[in-house]
Novice: 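Here you go, one structure.
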There are 2 protein chains.
Amino acid sequence: MKAQALHGHLDALLLAVLEQGALHGYAIIESLRARSDGSLDLPTGTIYPALRRLERAGHVASTWSTVNGRERRTYQLTDSGRRALAGERAGWQEFRVTVGRFLDPGSPPVTPA
Amino acid sequence: MKAQALHGHLDALLLAVLEQGALHGYAIIESLRARSDGSLDLPTGTIYPALRRLERAGHVASTWSTVNGRERRTYQLTDSGRRALAGERAGWQEFRVTVGRFLDPGSPPVTPA
DNA sequence: TTCGACAAGTAGCGTAGCTACGCATGAAGG
DNA sequence: CCTTCATGCGTAGCTACGCTACTTGTCGAA
């Protein structure tokens with residue numbers, strides 16, 4: 001996948017990844033890549049600002065720790081984040097159905113008999 | 001639907017609408033609204049520039065006509081546009097599957113047994 | 001004559017992801 | 001010893017693109 005075009009759905013993806021447990025930024029990138037079979041290979045310049053956005057919005061909280069002499073910032077979902085994720089999931093369903101009506105195979109080609 | 005978030009998929013929607021026959025700008029807006037049960041109510045400031053983009057790209061061609069004293073610019077799909085639509089459809093499938101893996105209900109919650 | 005549907009269009013804004021950097025540590029390999 | 005690579009954080013600036021708000025114009029109805 002050309003990666004971009006995530007537009008508007010990135011926050012939802014991040015929340016979904018964190019739903020399964022707290023992770024630090026780098027691990028989030030790897031998790032996205034792994035769970036998508038390599039389709040989603042997002043650059044740090046995409047996810048770090050996104051995580052800060054989510055933190056400002058109160059959807060995630062971060063804590064610093066040091067592992068093997070390396071600083072890590074671990075993010076975890078807040079209650080607000082969990083609610084937001086539910087909303088994002090609903091939004092995604094609507095989006096997918098609406099767009100699918102035009103782009104899914106077998107969508108009304110000429111209003112068949 | 002909050003309309004926005006179409007990001008990157010608008011071109012595909014326009015091509016899909018025009019696949020069923022040539023339409024003028026205003027009619028395209030109405031077609032999108034009708035086929036989506038009102039979910040997609042796009043402003044002219046969104047679709048006119050998009051149509052010009054598609055025309056510059058060679059995916060649609062336009063012809064002017066006058067109906068009831070009103071000027072109309074009617075757009076029709078070109079061969080290039082038809083190919084582009086096929087590509088957009090494939091891209092949409094991949095996108096939908098990839099994002100769905102994170103956001104669809106029943107997606108891997110904790111890698112079940 | 002005023003209002004609303006039809007029909008086209010643009011200017012400017014804001015959001016948000018991407019490119020391309022920079023910094024630092026630790027392990028591996030020459 | 002020194003370089004390279006994986007790990008790990010981060011930002012500045014660009015660009016793409018949809019949206020808001022606006023203009024222009026015809027026609028029919030109130």
Side-chain angles (χ1 to χ4, degrees), chain A residues 1-15 22-34 36 39-57 59-60 62-75 84 88 91 95 98-99, chain B residues 1-15 17 22-34 36 39-57 59-60 62-75 88 91 95 98-99:
Chain A
M1 189 152 73
K2 265 61 132 286
Q4 69 279 29
L6 264 309
H7 267 283
H9 304 286
L10 177 60
D11 288 7
L13 291 180
L14 293 176
L15 294 174
L23 288 176
H24 60 282
Y26 197 86
I28 290 175
I29 296 177
E30 293 186 314
S31 178
L32 283 167
R33 188 169 44 224
S36 67
S39 301
L40 290 175
D41 199 356
L42 305 182
T44 67
T46 290
I47 77 109
Y48 287 127
L51 287 169
R52 313 186 105 249
R53 255 200 328 267
L54 290 174
E55 187 164 30
R56 270 203 312 278
H59 296 331
V60 302
S62 68
T63 50
W64 284 94
S65 60
T66 305
V67 177
N68 281 60
R70 290 194 195 90
E71 294 284 298
R72 275 186 184 174
R73 189 171 186 170
T74 300
Y75 295 89
E88 295 278 7
F95 177 78
T98 301
V99 176
Chain B
M1 187 153 72
K2 263 61 131 284
Q4 68 279 30
L6 263 310
H7 265 284
H9 304 287
L10 177 60
D11 289 5
L13 291 180
L14 293 177
L15 294 174
V17 167
L23 289 175
H24 62 282
Y26 198 85
I28 290 174
I29 295 177
E30 293 187 314
S31 178
L32 283 166
R33 188 168 46 225
S36 68
S39 300
L40 289 174
D41 199 355
L42 305 182
T44 66
T46 291
I47 77 110
Y48 287 127
L51 287 169
R52 313 187 104 250
R53 254 202 327 269
L54 290 174
E55 187 165 29
R56 271 203 311 278
H59 295 330
V60 302
S62 68
T63 50
W64 284 95
S65 59
T66 306
V67 177
N68 281 58
R70 290 195 195 90
E71 295 283 298
R72 277 187 182 174
R73 189 169 184 171
T74 301
Y75 295 88
E88 295 279 5
F95 177 78
T98 301
V99 176

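Because only heavy atoms are used, hydrogens play no part in the values below, and waters and symmetry mates are left out as well, while side chains stay in.
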Novice: Whole-Å distance between D:dA6 C1' and A:D41 CG?
Specialist: 14 Å
Novice: Please report the distance, rounded to the nearest Å, between CZ in B:F95 and C1' in C:dG17.
Specialist: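 Whole-Å distance recorded here is 13 Å.
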Novice: Quick one: which of D:dG10, C:dG17, C:dG9 gets closest to the side chain of B:Y75?
Specialist: C:dG9
Novice: Mark up nucleotides 20-30 of chain D, 5' to 3', with B wherever a protein heavy atom is under 4.0 angstrom from a base atom, S wherever such an atom reaches only the sugar-phosphate, and - elsewhere.
Specialist: BB----BB---
Novice: Roughly what angle, to 10°, lies between the helix axis at the start of the helix from C:dT1-D:dA30 to C:dG30-D:dC1 and the one at its end, five pairs per end?
Specialist: 0°
Novice: Nearest-Å distance, CG (B:L51) to P (D:dC19)?
Specialist: 13 Å
Novice: Between C:dC23 atom C1' and A:Y48 atom OH, what is the distance in whole Å?
Specialist: 12 Å
Novice: Do any of residues 23-33 of chain B sit with a heavy atom less than 4.0 Å from DNA chain D, and if so which?
Specialist: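 The stretch gives none, as no residue of it lies under 4.0 Å from the strand.
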Novice: Hey, does B:T46 have a side-chain heavy atom less than 4.5 Å from the side chain of B:I29?
Specialist: no
Novice: Mind calculating the distance between CZ (B:R52) and C1' (D:dC17) to the nearest angstrom?
Specialist: 16 Å
Novice: B:R33: what forms a side-chain hydrogen bond (donor to acceptor under 3.5 Å, both in side chains) with it, not counting sequence neighbours?
Specialist: B:D41
Novice: Could you give the NE2-to-C1' distance, from B:H7 to D:dA16, as a whole number of Å?
Specialist: 8 Å
Novice: May I have the step-by-step check of side chain to side chain contact (heavy atoms under 4.5 Å, CB included) for B:L32 and B:L14, ending in yes or no?
Specialist: CA-CA 8 Å; B:L32 283 166; B:L14 293 177; 4.1 Å; yes
Novice: So, using side-chain contact (heavy atoms from CB on, under 4.5 Å) as the criterion, who are the partners of A:T74 when residues are at least two apart?
Specialist: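 Listed in chain order: A:A22, A:H24, A:T63, A:S65.
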Novice: Kindly write out the residues that satisfy side-chain contact (heavy atoms from CB on, under 4.5 Å) with B:S31, not counting sequence neighbours, or none if the list is empty.
Specialist: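 In terms of side-chain contact (heavy atoms from CB on, under 4.5 Å), with neighbours along the sequence ignored, B:S31 is linked to B:V17, B:L23, B:R35.
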Novice: Do the ring planes of A:H7 and B:H7 sit parallel (below 30°), tilted (30 to 60°) or perpendicular (above 60°)?
Specialist: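 Correct class here is parallel.
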Novice: If we only count heavy atoms from C-beta on, is the B:L42 to B:L10 side-chain gap below 4.5 Å?
Specialist: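 When only atoms from C-beta onward are counted, B:L10 and B:L42 do touch, with a gap below 4.5 Å.
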Novice: Once side-chain contact (heavy atoms from CB on, under 4.5 Å) is applied, do any residues pair with A:E55, and if so which ones, sequence neighbours excluded?
Specialist: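 With sequence neighbours excluded, A:E55 shows a side-chain contact (heavy atoms from CB on, under 4.5 Å) to A:V60, A:S62, A:R73, A:Y75, given in chain and number order.
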Novice: Would you kindly give the CZ-to-P distance between B:R72 and C:dA8, to the nearest whole Å?
Specialist: 7 Å
Novice: In whole angstrom, what separates B:D11's CG from D:dA16's P?
Specialist: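 Roughly 13 Å, once rounded to whole Å.
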Novice: Please list, chain by chain and in numerical order, all residues satisfying side-chain hydrogen bond (donor to acceptor under 3.5 Å, both in side chains) with A:R53, sequence neighbours excluded.
Specialist: A:D11
